[in-house]
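Proteins get letters first, then strands, A, B, ... in listed order; numbering begins at 1 in each.
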Protein chains: 2
Amino acid sequence: MTNPGSASRILVIEDDPAIMFGLKDNLEMAGYKVRTAIEGELGVQLARDERPDLIILDIMLPGLNGFEICRELREDGFDMPIVMLTALGQEADVVRGLNLGADDYLTKPFSINVLLARVRNFLRRYRQAELEIVSFGSMELNRTSKELLRDGRVIELTPKEFGLLDYLLQNCGRALTRDQILNAVWGSDLVVTQRSVDRCVTSLRSKIEEKPNQPKLLKTVQKIGYRFDDEERSR
Amino acid sequence: MTNPGSASRILVIEDDPAIMFGLKDNLEMAGYKVRTAIEGELGVQLARDERPDLIILDIMLPGLNGFEICRELREDGFDMPIVMLTALGQEADVVRGLNLGADDYLTKPFSINVLLARVRNFLRRYRQAELEIVSFGSMELNRTSKELLRDGRVIELTPKEFGLLDYLLQNCGRALTRDQILNAVWGSDLVVTQRSVDRCVTSLRSKIEEKPNQPKLLKTVQKIGYRFDDEERSR
DNA sequence: CCATTTGGTCACATCTCGGGTACAAGAATG
DNA sequence: CATTCTTGTACCCGAGATGTGACCAAATGG
């Protein structure tokens, strides 16, 4: 349970003491309550017992590794945001982690400010996840009328484009794998290529981006998938 | 049934007596008629029998919980606004509630003024559903005489066409699924094809649209259903 | 009992979406 | 810098969704 008015609680699972203490100090300085674990078993236990609001999780750990932790928690119905920490060049792992239910990832070494921004973003996310009208930039997506407006003008979207944009907005600031997008927007049953996501992204960009080949909103995350960024909101 | 001109009726389903009475008093002071239920079964019953204009619904309830109430009512075609009340830290639940058809939510403890503002807002949007005469473009629909006039001239509508137009006007600007339309206009018991909706839409268009194949009012929303747009009034 | 109207279904005509393919462009890797 | 993998994008076309005319059954009224 979260106490009204109290600081958000964050669990850091990381075995490298330098990184672990660095995170702890910075997060505490930013006003969060921090618990730490230096290996997997204890991490899972703390997550279960204390139900933190967010978890920062290293992939390479002694004992249970990050994937296993992630999967276990999700299987047990825990749905707090999980941000994974990964060494450079482990993109394949990142895809795996995201598909197992992680929400985002950071590649070491990372800027502490980027981390803090992501954390802030996640802790705020549930509140705006499913409102009737979501605005970003000069546009607003109306889930009731199924319309997208820019400066009050209708931008025609096909059903798939609308569904994709809707899903991306619900997960603003998160890196999403193509699998995640397919499951959410196409439905897990349907069998289509991952390239269909790319195609839909392209056509959506051509309608919402000023310069579709230099997207400001719907960014490509190489080897992973896509991320919707809203500069107004994410800072 | 709703009496034109009378105060809007609000149903409060909430088991905590302190909150329940607080809501009741405040809403009555603001001029609404209030019914209350302290558990789910009774709440659903009252909603069915009295068809309030708006429901304020706690999620945690003895008996049927808020989600179940919400789903049941929506499945039966009730479409009054539902505002959910949720304890802090249940934001994940909120998403679920909104998916089940709730329209808005408030996190306890909430300011009574915020609540009143939301309620007023919802009721304003739905009020025109109760008007005797609704006008759009150069036409007006008279619910008492069951006539549609354009520039003072009668346009002959069949009963089904009238019912459809009436329902669409009550939900002006909202994309409606064929199922919603069937439930509301045909009645949930009757078994007819979804295509009947299409057919009725076509014949209605031929009577109210300038160019029936390029509709300005009664728009198709691909893969969903239809939406009535009134450009004068909306935005 | 017949005439009329309503509205539901069917069948067919359109139209739209979006998947696949193919190739271009770009990014990573060594 | 060359190679290889990833992503962007134009194009075509089939499947499915929607529009629409025709027909018919049921209801209604005289």
Among the nucleotides dT21(C), dG19(D), dT7(D), which one has an atom lying closest to any side-chain atom of Arg195(A)? dT7(D)
Over-ring placement of Arg96(A) relative to Phe67(A), 6.0 Å and 45° cut-offs: yes
If you find the nucleotide of DNA chain C closest to Glu161(B) and the one closest to Lys223(B), which residue's nucleotide is nearer the 5' end? Glu161(B)
Upstream residue (5' side of DNA chain D) when Pro212(A) and Thr220(B) are each assigned their closest nucleotide: Pro212(A)
Nearest atoms (heavy-atom pairs only) where Val44(B) meets Leu64(B): CG2-CD1, 3.7 Å
Value in whole Å for how far the P atom of dG7(C) lies from CZ of Phe162(B): 13 Å
When we call it a touch if two heavy atoms are under 4.0 Å apart, what does Thr202(B) touch: a base, just sugar-phosphate, or nothing? base
Where the side chain of Thr158(A) is concerned, which of dG7(C), dT9(D), dC17(C) is the nearest nucleotide? dC17(C)
Nearest 0.5 Å, what's the CG-CH2 distance between Leu164(B) and Trp186(B)? 5.5 Å
Measure from the side-chain heavy atoms of Arg199(B) and tell me the nearest of dA22(D), dT7(D), dC11(D). dA22(D)
Does Tyr226(A) put a side-chain nitrogen or oxygen below 4.0 Å from OP1 or OP2 of dG8(D)? yes
Side chain of Thr193(A) - closest among dG20(C), dG7(C), dG8(D): dG20(C)
Atom CZ in Arg195(A), atom SG in Cys200(A): separation rounded to 0.5 Å? 13.0 Å
